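Numbered from 1 within each chain, the chains take letters A, B, ... in sequence-line order. What you see is a predicted model; the values in this text were computed from it and never measured.
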2 protein chains.
Amino acid sequence: MDYQEAKNKFISTWGSLGTLWGINKAMAQIQALLFISTEALTTEDIMEELQISRGNTSMNVRQLIDWGIVTKELRPGERKEYFSTEKDVQELARIIAKERSRREIKPVIKALEDISSIKDDGSTATKELIKQTKALHDLAHTANSILEKAVSQKQNWLTKSILKIIQ
Amino acid sequence: MDYQEAKNKFISTWGSLGTLWGINKAMAQIQALLFISTEALTTEDIMEELQISRGNTSMNVRQLIDWGIVTKELRPGERKEYFSTEKDVQELARIIAKERSRREIKPVIKALEDISSIKDDGSTATKELIKQTKALHDLAHTANSILEKAVSQKQNWLTKSILKIIQ
DNA sequence: TTAAACTTTCAAAATTTATTGAAACTTTAA
DNA sequence: TTAAAGTTTCAATAAATTTTGAAAGTTTAA
């Protein structure tokens, strides 16, 4: 496997993983491309490398910026924008975990809270609904707390502690 | 919010969460329905409750069985199949984590291994590709180990230990 | 100002994914 | 056997999502 093959494999693997986890393929591939690039890239560069349209590139780069994963760079004397991604994997994981928690997990926790606190009318069906959604709520809440904690620290102490525990 | 509203909200919330995380909406909704049901349900029951077709129900129930989340029950003297889901949230989380790791994470770790072990031809681009994919590989590998460990134990000792660490 | 260099927007088209429903298949009871 | 009661399969259709590309918008330099 030479450089070009390895690069293509990385970009396509990342794109597929994204798709499996509900992330737009182009978005994941742009991030992958920037992640292994030695310098910031322009819209043209991205279009050329991934063979995608200008509109697609523009929209997905904006989304990556919204997520806090990609930053825009302006170079003196140049009009076009240069994009680069967070290069530190730990920091990248933190950002993604934080954003997915905020956008997708927290609203569900809130909904489970609402559902599990309906009035118990005495029926077995209602009792079961309350019991099960409460259990789910507690689990989601705990998992989210661990994630948030793992994510809030610049230092990687939690991961280190966990690894110590599990050997 | 009465029982029916709460039930509908739960089913639709679970369906949407599934969609966001790359899981078929019907599949997530069937699981949600079984999760709050006081007894095992038939194909007819599911079709009726979720207003989906027989084919859709059949295919998604089979997938849930493949995942190990739903089990089929046969009742003496009856031909039709009754389905129920794992009711313990911890166990459910374990099964899902284990399956997604096996199906989606491990193949990516393997790909990252292959990519990051290409021959260093001396170019900065190749060096960067190797460095970055190696870092990603290490992170994915560590995260996956923690997950597997958390998931392999019937007891919930790891979660408890982590919660102790983070207060 | 003007126009060149760029970015954004968004309706239409293309693609992907999910769903249907009816035919084929399987199992069991009579 | 046969037929009733069920399940599965899969081609066709529908729905959702992604992508395109051209027009509109923005910014800057002259």
Side-chain angles (χ1 to χ4, degrees), chain A residues 11-34 40-67 70-84 100 103-104, chain B residues 11-34 40-67 70-84 100 103-104:
Chain A
I11 292 171
S12 98
T13 300
W14 215 232
S16 309
L17 181 64
T19 300
L20 282 173
W21 288 74
I23 286 162
N24 180 291
K25 195 181 78 174
M27 185 169 152
Q29 292 191 333
I30 292 170
Q31 201 275 326
L33 176 64
L34 294 174
L41 302 181
T42 64
T43 301
E44 291 289 339
D45 294 334
I46 296 168
M47 289 168 62
E48 169 69 23
E49 290 262 17
L50 301 180
Q51 292 292 303
I52 59 176
S53 72
R54 188 174 302 281
N56 197 359
T57 304
S58 172
M59 287 192 301
N60 281 297
V61 164
R62 282 325 118 182
Q63 264 219 268
L64 284 163
I65 291 173
D66 274 359
W67 272 69
V70 161
T71 48
K72 186 192 327 190
E73 238 172 68
L74 291 171
R75 297 192 181 173
E78 282 195 77
R79 285 209 207 162
K80 50 176 177 280
E81 301 173 333
Y82 285 81
F83 305 102
S84 53
R100 294 205 79 155
R103 295 166 189 239
E104 299 160 10
Chain B
I11 292 171
S12 99
T13 300
W14 214 233
S16 309
L17 181 63
T19 300
L20 282 173
W21 288 73
I23 285 161
N24 180 290
K25 196 181 76 175
M27 184 169 153
Q29 292 191 333
I30 292 170
Q31 201 277 324
L33 176 64
L34 293 175
L41 302 181
T42 64
T43 302
E44 291 289 340
D45 294 334
I46 297 169
M47 288 169 63
E48 169 68 24
E49 289 264 16
L50 303 180
Q51 292 294 303
I52 58 178
S53 71
R54 189 174 300 282
N56 197 359
T57 304
S58 172
M59 287 193 301
N60 282 298
V61 165
R62 282 324 119 183
Q63 266 219 268
L64 285 164
I65 291 174
D66 275 0
W67 272 69
V70 161
T71 49
K72 188 194 323 193
E73 239 173 68
L74 292 171
R75 299 192 179 172
E78 281 196 77
R79 286 211 205 158
K80 50 177 178 282
E81 301 173 333
Y82 285 81
F83 304 103
S84 55
R100 295 205 80 155
R103 295 165 189 238
E104 299 160 11

- Would a distance-only check, ignoring hydrogens and angles, find a side-chain to backbone donor-acceptor pair under 3.5 Å from D45(B) to T42(B)? yes

- Query: For the pair made of CG in D45(B) and P in dT7(D), what is the distance, rounded to whole Å?
  - Reply: 11 Å

- Query: Does T43(A) have a side-chain nitrogen or oxygen under 4.0 Å from the phosphate oxygens OP1 or OP2 of dT7(C)?
  - Reply: yes

- Task: Could you please name the option among dG6(D), dT20(D), dT9(C) that lies closest to any side-chain atom of S53(A)?
- Result: dT20(D)

- Message: Please check this pair: side chain of N60(B) against backbone of N56(B), looking for a donor-acceptor N/O pair closer than 3.5 Å.
- Response: yes

- Note on the structure: Between E78(A) and M59(A), whichever has its closest DNA chain C nucleotide further toward 5' is E78(A)

- In whole Å, what is the span from the NZ atom of K25(A) to the C1' atom of dT17(C)? 14 Å

- Message: Given dT20(C), dT7(D), dT8(D), identify the nucleotide with an atom nearest to the side chain of K80(B).
- Response: dT7(D)

- Task: Tell me yes or no: between the side chains of Q31(A) and W14(A), is some donor less than 3.5 Å from an acceptor?
- Result: yes

- Query: How long is the gap from CD on E49(B) to CD1 on I30(B), to the nearest 0.5 Å?
  - Reply: 12.0 Å

- Query: I23(A) CD1 to dT19(D) P: how many Å, rounded?
  - Reply: 13 Å

- Message: Using OP1 and OP2 only, check whether a side-chain N or O of S58(B) sits under 4.0 Å from dT8(D).
- Response: yes

- Message: From CZ of R75(B) over to P of dT28(C), roughly how many Å is that when rounded to an integer?
- Response: 17 Å

- Note on the structure: Here the distance between atom C1' of dT19(C) and atom CG of L50(B), to the nearest Å, is 13 Å

- Query: For the side chain of R62(A), counting heavy atoms from C-beta on, which of dT20(C), dT7(C), dT19(C) is nearest?
  - Reply: dT7(C)

- Just call it for N56(A): base, sugar-phosphate, or nothing, with non-hydrogen atoms closer than 4.0 Å on any strand. base

- Message: For dA29(D), does the base pair up with any side-chain atom of R79(A) as donor and acceptor (N or O, under 3.5 Å, distance only)?
- Response: no

- Does a salt bridge link E48(A) with R54(A), judged by any charged N lying under 4.0 Å from a carboxylate O? no

- Query: Rounded to whole angstrom units, what separation is found between the CE atom of M47(A) and the P atom of dT19(D)?
  - Reply: 14 Å

- From the list dT19(C), dC6(C), dT19(D), which nucleotide is the closest neighbour of the side chain of N24(A)? dT19(D)

- Note on the structure: Rounded to whole Å, the CZ-P distance (R54(B) to dA5(D)) equals 13 Å

- Sorted by position of nearest nucleotide on DNA chain C, 5' first, the leading residue of F83(A) and T19(A) is F83(A)

- Task: Report the distance from atom CD1 of I46(B) to atom P of dT20(C), rounded to the nearest whole Å.
- Result: 14 Å

- Starting at the 5' end of DNA chain D and moving along, which residue's nearest nucleotide shows up first, G77(A) or G55(A)? G55(A)

